[in-house]
Amino acid sequence: MEDGRSDAKEASMIELAASLEKVRQIEGGGDGNNVDGNKKLWGLLRLFMACMVSGGIQYGWALQLSLLSPYSQTLGIPHQYVSLTWICGPIAGFVVQPIVGYYSDRCTARMGRRRPFILVGCIIICVSVLLIGFSADIGRALGDTKEHCSVSTGPRWAAAAIYIVGFWFLDFANNTVQGPARAMMADLSAGNHGPNVGQAVFCLWMAIGNVLGYTAGANGKWHEWFPWLKSSACCDACANLKGAFLTAVLLIIISMTVTMYLAGEKQLDKADVQAASGRGCLSAFGDLFKSLKNLPPSMFKVLAVTAITWLAWFPFFQYDTDWMGREIYHGVPQGPKASVYDAGVREGAIGLLLSSITLGATSFLIPKLCRKLTSKVVWSISNFMVFGIMTAMVVVGLISTKGYNAALTANLTGPDPKLKAIALTLFALIGIPQAVLFSVPWAVASEVVAAEEDDGQGQGLAIGVLNIAIVVPQLIIALTAGPIDKAFGKDNTPAFGIGGAFAFICAILALILLPKTRGNSNAAVMAGGH
């Protein structure tokens, strides 16, 4: 692309597009045909902006990952049961995402196949976020302890119940939005750009959402900027969470509006829809699993590797900031050291912010690496990295807590500076394999299905069944991580060790089982086919 006649505004937009994909995906960009080149350029920019909703959703998801496990413990939920509060996620994913994928493939609404589900899901997310943010206040109104939050150390069951209800609906809504949003990227990127570019754009927006979300989560001044957020049931840490979640509502509304406007979906012709009319949800869910028989054989290998990959990752997602607050800062969620724990949680959010920056930077390289090395090799390398990082986190956690006695160090606050620096470095490094986690599995699945489908109706199904391979391991971790940690008495260390072991296993299986895809087009480039 060499167009010296562009004005300043167009030049800045060209520079932005170049930073997204270095204009590598714009075929024929150097043949002197400026008209065709600019059309493809603006097409890439529109693709990028049409995916903005994923950034808004990821902002809220970043807050969920960084703040909610610690927050649930301030409501009196014991550490060993925190993982059980996440059980709604896999259940919601198992039920919602396949059904949403099934119906979004066949939706004949005027606004398109995917956008109706994105709209409804975003509305439910906003309501759920408000329930979670104000759960302590609602719980107090429903009969929880009248003690001030600064001295209360017991359970607040009404607040915990409101929190879990909000959490449940939040996960339902997240699954309602994320599946159609990914499928829409596959739809819109088909032809000119290919699935790896579409998923890389999606991954970039996730990185942007993570950066903003973790920055909001790490901010400890929401209660100072907006004093009205505090109440007798909601002290500083709670008010900070409340402020961050209110900004999530605003950003989700803005990003959803941009996506609804720019995503140029066309109404699906009813004649092209094969599903019978008048079918109920249960019938459609049954048909969904019958349709699994029609998936390409290589897709089942993709599902297996995806499942083991997420077994490695979920311990980190559930306990990352809690690990920083407990093992590194030596704090506890309630009592005299609650402020130390909260400082550790916010430091963990900063670590997640660093990981998001490396995730965003790495996402630019993923399509190129997949073309050069194949997706299976990139996937395998990322799991070897997770193994190394998880192992290092186990070692650092053990060193930090070895010989530590809370009764003898009651006046000490904060972590060992060297261990904190190492912990933040590990958080930053884990963003590299995370860029692969959030893009390559979906790109591989899209390519495998696209090799068999010509009408795009299989993309929603592919996303739906891939999500099953994610929620099943999440369910396993949610049911077992807490009891295992309690049995060993080592807080989060055992769960991280298990995650590292699964990462090593998956690194080997990825090389053995995955098809050889490169993401060059909307069709899978299998071994021997390139």
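Predicted model, so just to flag it, every value in this text is computed and none were measured.
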Got a donor-acceptor contact below 3.5 angstrom from the N210 side chain to the A62 backbone? no

Tell me whether the rings of F167 and W86 are parallel (<30°), tilted (30 to 60°) or perpendicular (>60°). perpendicular

Check the SG atoms of C238 against those of C234: under 2.5 Å or not? yes

Assert yes or no for the condition that the ring centre distance of W323 to Y319 is strictly below 6.0 Å. no

Could you give me the CA-CA distance, side-chain angles and deciding distance for Y59 and T247, then say whether side-chain hydrogen bond (donor to acceptor under 3.5 Å, both in side chains) is met? CA-CA 9 Å; Y59 178 92; T247 62; 2.5 Å; yes

What I'd like to find out is whether the side chain of L63 reaches to under 4.5 Å of the side chain of F245, using heavy atoms alone. yes

Can you confirm whether P433 sits close enough to T362 that some side-chain heavy atom of one is under 4.5 Å from a side-chain heavy atom of the other? no

Taken to the nearest 0.5 Å, the spacing of C506 SG from W313 CH2 works out to 11.5 Å

So which atom in A312 and which in A503 form the shortest heavy-atom distance, rounded to 0.1 Å? CB-N, 3.5 Å

I'd like to check Q434 versus M206 (side-chain heavy atoms, cut-off strictly below 4.5 Å). Are they in contact? no

Do D171 and Q64 have side chains that get closer than 4.5 Å, going by heavy atoms? yes

Are any side-chain N or O atoms of S439 and backbone N or O atoms of A435, one a donor and one an acceptor, separated by less than 3.5 Å? yes

Taking it one step at a time, do F502 and W310 satisfy ring-ring contact (aromatic ring centres under 6.0 Å, His included)? CA-CA 9 Å; F502 278 119; W310 283 89; over 10 Å; no

Could you tell me whether a side-chain N or O of T358 sits under 3.5 Å from a main-chain N or O of A428, the two making a donor and an acceptor? yes

Walk me through it: do T309 and W379 pass the test side-chain hydrogen bond (donor to acceptor under 3.5 Å, both in side chains)? CA-CA 9 Å; T309 297; W379 198 335; 3.1 Å; yes

By ring pair (Phe, Tyr, Trp, His ring centres under 6.0 Å), W222 pairs with (sequence neighbours left out) W225

Minimal heavy-atom distance between G217 and R346, with the atoms involved, is O-CG, 3.8 Å

Give a yes-or-no answer on whether the side chains of S72 and Y81 include a donor-acceptor pair shorter than 3.5 Å. no

Shortest non-hydrogen contact between W205 and S54, atoms and distance: CB-OG, 3.1 Å

May I have the list of side-chain donor-acceptor pairs in residues 475-483 shorter than 3.5 Å, sequence neighbours left out?
residue	atom	partner	partner atom	Å
T480	OG1	I476	O	2.7

Whether N175 side chain and V96 backbone form a donor-acceptor pair below 3.5 Å: no

Could you check if a side-chain atom of L352 sits within less than 4.5 angstrom of a side-chain atom of D320, using non-hydrogen atoms only? yes

Side-chain (K301) to main-chain (L514) donor-acceptor, under 3.5 angstrom: no

Will you find, in the side chains of D322 and S69, an N or O donor that is under 3.5 Å from an N or O acceptor? no

Could you check whether any side-chain heavy atom of R140 comes within less than 4.5 Å of a side-chain heavy atom of T145, counting everything from C-beta outward? no

Is there a side-chain contact between I162 and F134, using heavy atoms and a 4.5 Å cut-off? no

Answer yes if the side chains of S135 and Y71 hold a donor-acceptor pair under 3.5 Å, and no otherwise. yes

What distance do I432 atom CD1 and M385 atom CE have between them, rounded to the nearest 0.5 Å? 4.0 Å

List the steps and the verdict of side-chain contact (heavy atoms from CB on, under 4.5 Å) for K420 and Y329. CA-CA 8 Å; K420 185 182 80 169; Y329 271 69; 3.4 Å; yes

Donor-acceptor pair, K242 side chain versus L229 backbone, under 3.5 Å? yes

Of all the heavy-atom pairs spanning T401 and G397, show the shortest one and how long it is. OG1-O, 2.9 Å

Are F316 and F427 an aromatic pair, judged by ring center distance below 6.0 Å? yes

Please check: side-chain N/O of R156 versus main-chain N/O of T74, any donor-acceptor pairing under 3.5 Å? yes

Under 3.5 Å, side chain of D342 to main-chain N/O of A237, donor-acceptor pair present? no

Examine distances only and state if a side-chain atom of T374 and a backbone atom of C370 form a donor-acceptor pair shorter than 3.5 Å. no

List the atom of S400, the atom of E327, and the distance in Å for their closest heavy-atom pair. OG-O, 2.5 Å

Using a 4.5 Å cut-off on heavy atoms from C-beta on, say whether the side chain of S382 contacts that of L437. no

Can a donor-acceptor pair be found, under 3.5 Å and without considering hydrogens, that links the side chain of S380 to the backbone of A507? yes

What closest approach, in Å, do V396 and I422 show between heavy atoms, and which atom pair accounts for it? CG2-CG2, 3.7 Å

